[in-house]
Amino acid sequence: MSRINKNMVLALLTLTSSAFLLFQLYYYKHYLSTKNGAGLSKSKGSRIGFDGTQWRAVKKFIMLTSNQNVPVFLIDPLVLELINKNFEQVKNTSHGSISQCRFFCVPRDFTALALQSHLWRNEEGWFRVAENMGFQCLKIESKDPRLDRIDSLSGMEIPLHYICKLATHVIRLVVFHETSGNHLWHGCLRLKEHIDSKFVPFRKLQFGLYPGAFDRPELQQVTVDGLEVLIPKNPMSFVEEVPHCRFIECRYKEARSAKELLQLAAKTLNKLGVPFWLSSGTCLGWYRQCNIIPYTTAPGDLGIFIQDYKSDIILAFQDAGLLLKHKFGKVEDSLELSFQGKDDVKLDIFFFCEETDHMRNGYLFPKFTLCWTEFVDMTVHVPCKTLEYIEANYGKTRKIPVKTWDWKRSPPNAQPSGIWPVSEWDEVIQLY
């Protein structure tokens with residue numbers, strides 16, 4: 001009897017375990033189906049996708065841009081990746097032969113498209129038509145940074161992004177602009193005060209957290225889910241650029257301020273009859289790149305022979321609107337003046353004295369004479385033996401930009417020349 005009971009118990013346990021396992025499998029299948037059923041059916045190509053809000057929004061927008069001759073192309077990374085995986089099938093698909101929604105119906109909040117601004121002119125027309133078709137549209141504009149380098153044109157606004165919403169789905173239209181480097185550039189998406197920050201979840205948007213630049217893609221027309229669209233000829237090449245597309249604009253405003261500062265300094269010194277030349281980083285920028293070094297902390301560096309020093313030089317610069325920030329050294333030994341101009345741009349003036357076999361301003365330079373050149377719309381002096389002068393200050397690696405330059409330790413021609421007595425510190429170190 002005991003043995004029978006043991007067998008029955010074992011059989012009951014086995015039966016119970018099997019039933020529980022079957023229940024788990026059923027529940028797991030039912031749970032996945034409930035949670036992901038719509039997404040799975042769409043991604044696999046169920047005709048249900050053609051009836052969804054997302055599909056209708058994409059279809060209406062592409063039809064709109066086609067009818068209005070807006071030359072959009074697809075840049076949505078998720079859709080492009082799916083197209084790339086089925087590229088041969090997509091290329092061989094003809095219009096009207098689609099029975100499944102495989103790409104545009106994949107669940108997502110946004111669909112990203114782009115247009116090249118130079119290929120498109122009828123902006124306001126399509127915008128009004130879109131609103132008449134039921135889209136709620138938002139235009140994001142900002143100043144054109146390409147014009148910041150041109151004083152008379154800076155401040156002009158250009159369209160950067162269009163965001164159109166139909167029901168719950170959002171179409172993102174990124175406006176690409178040409179650059180002088182033959183790239184396509186898009187701007188940052190910054191909301192102005194009058195724009196509703198809750199219009200869409202802006203923080204989830206790609207192509208707008210920061211400016212971006214892309215190689216100009218070659219485009220081809222394909223049929224995707226029954227819609228004729230333009231896509232990059234190499235979809236994955238474009239997709240792989242996205243994480244690395246961030247673009248940092250040159251600091252044209254600071255460069256313009258530096259240019260104005262140098263012109264003001266030249267005007268002030270010429271009025272005093274004091275000859276000067278481009279020195280240090282300004283001379284390096286002229287020689288290496290014919291421009292002001294954009295990341296320097298003091299874009300205006302000038303040299304003056306100490307015998308040309310005039311006692312009213314500080315007053316003349318102050319009268320010109322420049323603030324004296326510091327005065328180091330003495331007239332007879334290592335004098336340096338530093339002024340601050342508009343936008344906190346800094347001007348440093350170094351006074352050089354001639355010794356037996358070299359020039360010195362706290363640093364040692366080979367002897368030099370002065371020649372003329374043109375720089376930031378001015379005719380100015382530079383050392384005739386420019387390369388020797390620059391290499392004395394910056395070494396043989398002058399061609400390599402250095403953004404962490406330390407004026408006390410970095411120059412190879414910096415040499416200890418003694419310590420000022422404490423009793424003279426108030427005279428030789430003056431901060432303002």
Side-chain angles (χ1 to χ4, degrees), residues 42 47-80 82-83 90 93-141 157-177 184 186-187 189 195-196 199-202 204-208 217 219-232 235 238:
K42 291 176 184 177
R47 289 179 60 96
I48 296 174
F50 286 116
D51 300 324
T53 299
Q54 178 174 305
W55 161 251
R56 288 199 303 271
V58 173
K59 180 181 179 181
K60 288 184 73 171
F61 194 86
I62 289 178
M63 291 176 60
L64 159 70
T65 55
S66 176
N67 293 336
Q68 296 295 314
N69 296 315
V70 184
V72 303
F73 62 98
L74 184 66
I75 60 171
D76 193 288
L78 176 60
V79 181
L80 286 178
L82 290 173
I83 290 174
V90 171
T93 299
S94 59
H95 181 69
S97 63
I98 303 297
S99 61
Q100 298 176 334
C101 185
R102 298 174 59 88
F103 304 101
F104 285 126
C105 294
V106 173
R108 63 195 183 284
D109 296 322
F110 307 92
T111 298
L113 301 167
L115 66 85
Q116 300 180 51
S117 63
H118 65 286
L119 300 177
W120 169 61
R121 291 292 177 267
N122 186 24
E123 173 193 336
E124 298 304 327
W126 85 267
F127 203 67
R128 288 193 297 271
V129 173
E131 292 179 332
N132 291 337
M133 293 177 65
F135 285 99
Q136 294 176 274
C137 291
L138 188 66
K139 178 167 71 172
I140 308 294
E141 293 182 306
E157 292 208 336
I158 55 173
L160 299 179
H161 304 270
Y162 290 92
I163 300 172
C164 292
K165 181 170 64 173
L166 184 66
T168 58
H169 194 67
V170 178
I171 306 294
R172 172 77 177 286
L173 184 58
V174 181
V175 183
F176 281 114
H177 298 268
L184 295 180
H186 72 77
L189 198 160
I195 294 177
D196 181 7
F199 182 69
V200 296
F202 288 100
K204 294 183 179 180
L205 292 173
Q206 287 182 303
F207 307 104
L219 303 177
Q220 65 174 340
Q221 184 167 294
V222 295
T223 300
V224 179
D225 293 339
L227 300 174
E228 292 184 359
V229 294
L230 288 171
I231 66 170
F238 183 88

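Any value given below was found using the heavy atoms of this structure, including those in side chains, with hydrogens, waters and symmetry copies removed. Owing to the predicted nature of the structure, the values given are computational and were not obtained by experimental measurement.
Listed by chain and number, the residues in a side-chain contact (heavy atoms from CB on, under 4.5 Å) with Leu82 are Phe103, Val106 (sequence neighbours excluded). The ring-ring contact (aromatic ring centres under 6.0 Å, His included) check on Phe238 picks up Phe214, with sequence neighbours excluded. With sequence neighbours left out, His186 forms a side-chain hydrogen bond (donor to acceptor under 3.5 Å, both in side chains) with no residue at all.
Between the Ser66 side chain and the Ile62 main chain, no donor and acceptor come within less than 3.5 Å of each other. With hydrogens and angles ignored, the 3.5 Å screen pairs no side-chain donor or acceptor of His161 with any backbone N or O of Leu138.
Phe104 and Gln54 get closest at one heavy-atom pair: O-NE2, 2.7 Å. The minimum heavy-atom distance linking Leu119 with Pro71 is given by the pair O-CG, 3.7 Å. Across Thr223 and Val90, no two heavy atoms sit closer than the pair O-CG1, 3.7 Å. Shown here for Leu78 and Pro107, the closest heavy-atom pair between the two residues is CD2-O, 4.4 Å. Contact between His169 and Asp109 at its shortest, heavy atoms only, is ND1-O, 3.4 Å. Of all the heavy atoms in Leu160 and His177, the pair that sits closest is CD2-NE2, 4.2 Å.
One finds the CD1 atom of Ile140 at 11.0 Å from the CD atom of Glu157 (value rounded to the nearest 0.5 Å). Atoms OG1 and CG, on Thr65 and Leu113 in that order, are 7.0 Å from each other to the nearest 0.5 Å. Note: Ile171 CD1 to Lys165 NZ = 12.5 Å, rounded to the nearest 0.5 Å. With rounding to the nearest 0.5 angstrom, the CG atom of Leu80 is 4.5 Å from the CG atom of Leu74. Going from atom CG of Leu184 over to atom CD of Gln116 covers 5.0 Å, rounded to the nearest 0.5 Å. Distance check, rounded to the nearest 0.5 Å: NZ of Lys139 to CG of Leu173 gives 12.0 Å.
Within the 4.5 Å cutoff, side-chain heavy atoms of Val170 are placed close to those of Ile163.
In Lys59, the NZ atom is not crowded: 12 or fewer heavy atoms of neighbouring residues, nucleotides or ligands sit closer than 6.0 Å.
Residue pairs that meet the salt bridge (charged side-chain N to carboxylate O under 4.0 Å, His left out) test with at least one member in residues 63-76, sequence neighbours left out, are Asp76-Arg108.
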Return all side-chain donor-acceptor pairs below 3.5 angstrom for residues 130-137, not counting sequence neighbours, or 'none' if the list is empty.
residue	atom	partner	partner atom	Å
Asn132	ND2	Arg128	O	3.3

